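Every chain is numbered from 1, with letters handed out A, B, ... down the list of sequences. The model shown is predicted, which means the values in this text are computed figures rather than measured ones.
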Protein chains: 2
Amino acid sequence: MAAQTQRQPTASYRTPPVHMDPGEVALETALLALADPVRQILVRELAQAGDWERQCGSFDVPVTKATLSKHFAVLREAGLLEQRDAGAKRLNRLRRAEFDARFPGLLDLVLRHEGAS
Amino acid sequence: MAAQTQRQPTASYRTPPVHMDPGEVALETALLALADPVRQILVRELAQAGDWERQCGSFDVPVTKATLSKHFAVLREAGLLEQRDAGAKRLNRLRRAEFDARFPGLLDLVLRHEGAS
DNA sequence: CCGAGTGTACGTAAGCCATCGAACACTTTG
DNA sequence: CAAAGTGTTCGATGGCTTACGTACACTCGG
């Protein structure tokens, strides 16, 4: 039955992303993560998309790849983001439920406060 | 009766504190203000006391007067604090209702998340 | 009126954070 | 196999924030 004729993308050739348990995130960490304007954009775009739908490079943000990569790391540290490797791409998911359980209302506040206002 | 036998303290001999309208505070400003550990202490102590009950020097924080003064300015800028002069002292009030109207749930979140945990 | 008390402004030093370019590793496309 | 694509890491840089000590201004209590 045509085993291994279809090459699966390597799940993870690089060091897999380190994830923080949202239940153990400090309030200060969460607030700092959400305070940054660039990260607010990321979170909002993630909220509009479905899980694992967006890859890292697909976000409309005014910074370079390197900086963007750092922002993702911060969001992970804050328990806001889960990432998974799929070949060369890295897919993203907003940890909405988990984060909400830890800090009820906080994420919603950021999502609601779109474009300054 | 007995008019001016009791000397009223000068309301304001120095430049009165500048206050920000909570309705116009940016989300980023609010989050940054509340992210700092020292300011979290201030906000929590203020929440436990009544309005105009505490003077600036009465807070139990591990910083000098000068630094403390700066923190109060940040809280004012974030629409979290109202200050009023009474002689040499400056009295404080947490702008709970106003801030809550602007960012529902945010202040409560900080107050609830006492001592790290 | 003099000394203690209260709080701000200024100048400064240290630390942190966002940012970038360049180099790298591996995948995907052709 | 080569070239383009994806994303991370490193080192350097610039700016902002926190912090302190000092000096200042004024009030309050004797």
Spacing of A:Ile41 atom CD1 relative to C:dT19 atom P, expressed in whole Å: 10 Å
C:dC17 OP1/OP2 closer than 4.0 Å to side-chain N/O of A:His71: no
Residue mapping more 5' on DNA chain C - nearest nucleotide basis, B:Asn92 or A:Thr67: B:Asn92
A:Asp21 atom CG: more than 12 heavy-atom contacts under 6.0 Å: yes
Polar side chain donor-acceptor pair, B:Gln40 to B:Arg44, under 3.5 angstrom: yes
Euclidean distance, atom NZ of residue B:Lys65 to atom C1' of D:dC26 [Å, nearest integer]: 12 Å
B:Arg39 side-chain proximity, nearest of D:dT18, D:dT22, D:dT8: D:dT18
Phosphate OP1/OP2 of D:dT6: any A:Arg90 side-chain N/O under 4.0 Å: no
For atom CG of B:Asp85 and atom C1' of C:dG7, their distance in whole Å: 9 Å
B:Arg76 side chain to B:Gln83 side chain, donor-acceptor N/O pair below 3.5 angstrom: yes
Selection from D:dT27, C:dT8, C:dC20 that lies nearest to any side-chain heavy atom of B:Tyr13: D:dT27
A:Arg39 side chain to A:His71 side chain, donor-acceptor N/O pair below 3.5 angstrom: yes
Nucleotide D:dT8, atom P - distance to CG of A:Leu81 in whole Å: 10 Å
Geometric class of the B:Phe103/A:His113 ring pair [parallel <30°, tilted 30-60°, perpendicular >60°]: tilted
Interatomic distance where NZ belongs to B:Lys70 and P belongs to D:dA19 [whole Å]: 11 Å
Sugar-phosphate only, base, or nothing, as touched by A:Lys89 at under 4.0 Å among non-hydrogen atoms: sugar-phosphate
Nearest-Å distance for atom pair CZ/P, residues A:Phe72 and D:dT8: 8 Å
Closest to the A:Gln83 side chain, choosing from D:dT8, D:dA19, C:dT19: D:dT8
Nearest to side-chain heavy atoms of B:Ala88, which nucleotide of D:dT27, D:dG5, C:dT8: D:dT27
Distance below 4.0 Å between B:Arg14 side-chain N/O and C:dG7 OP1 or OP2: no
Distance in angstrom units between B:Leu68 CG and C:dT6 C1', rounded: 11 Å
Candidate nucleotides C:dC26, D:dT9, C:dC20, ranked by approach to the side chain of A:Thr64 - the nearest: C:dC20
Options C:dT6, D:dT22, D:dT9, nucleotide nearest the side-chain atoms of B:Ala66: D:dT22
Atom pair distance, as rounded to whole Å: CG in A:Leu32 and C1' in D:dT18: 13 Å
